[in-house]
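Throughout, numbering of the chain's residues begins at 1 and tracks the sequence.
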Amino acid sequence: MIRGFVANDANMDAMMSPRDRATDMSELLSSTPLHVLSRRLAAGETSSREIVDACLARTAALDEKLHAYVEVYRDDAIAGADAADLQRK
């Protein structure tokens, strides 16, 4: 810690590049428990599309090394998320 500097969310956001923030959010959303995501969706704090995009980004990043998936139905997942978001409005 730097003397006189308190690390908090606002300070961390200011120090992160937009790409780092996006990666951080992707990791955060893709590792958040479903019951928390459900509450956040209901409160309008996030969208199905944001959650699906985060999970797809994490899948793409990890699957290059793990090769855990034969196929990822990216377009279907995005279409389903967009439909869920429209239905929720």
Subject >> Residues clustering with Leu86 (ILVMFWY side chains joined when closer than 4.5 Å, directly or via others) >> reply: none
**OP:** Tell me, yes or no, whether the heavy-atom count around Glu64 atom CD, taken from other residues, nucleotides or ligands under 6.0 Å, exceeds 12.
**Re:** no
**OP:** Determine which pairs satisfy salt bridge (Lys or Arg N to Asp or Glu O under 4.0 Å) with at least one residue from residues 77-89, sequence neighbours left out, and list them in order.
**Re:** Arg49-Asp82, Asp85-Arg88
**OP:** Output all residues satisfying side-chain contact (heavy atoms from CB on, under 4.5 Å) with Ala57, sequence neighbours left out; order by chain, then residue number.
**Re:** Ser26
Original post:
Are Leu29 and Leu62 linked, directly or through other ILVMFWY residues, by side chains that come within less than 4.5 angstrom of each other?
Top reply: no
Original post:
Are Ile78 and Tyr73 connected in the hydrophobic side-chain network, where two residues link if heavy atoms are under 4.5 Å apart?
Top reply: no
Original post:
Are Ile51 and Leu34 connected in the hydrophobic side-chain network, where two residues link if heavy atoms are under 4.5 Å apart?
Top reply: yes
Subject >> same_hphob_cluster(Leu66, Val72) at 4.5 Å side-chain heavy-atom cutoff >> reply: no
Original post:
For Glu45 and Glu50, which heavy atoms make the closest approach, and how far apart are they?
Top reply: O-OE1, 4.4 Å
Subject >> Minimal non-hydrogen separation, Tyr69 against Thr59, with atom names >> reply: CE1-CG2, 3.4 Å
Original post:
What are the two closest heavy atoms between Ser48 and Leu41, and how far apart are they?
Top reply: N-CD2, 3.4 Å
Original post:
When you look at Arg39 and Val36, which way does the side chain to side chain contact (heavy atoms under 4.5 Å, CB included) test go after all the steps?
Top reply: CA-CA 5 Å; Arg39 276 190 254 137; Val36 174; 4.3 Å; yes
Subject >> Spatial distance of atom CZ (Arg40) from atom OG (Ser47) [nearest 0.5 Å] >> reply: 10.0 Å
**OP:** Enter the distance from Asp53:CG to Ser30:OG here, rounded to the nearest 0.5 Å.
**Re:** 11.5 Å
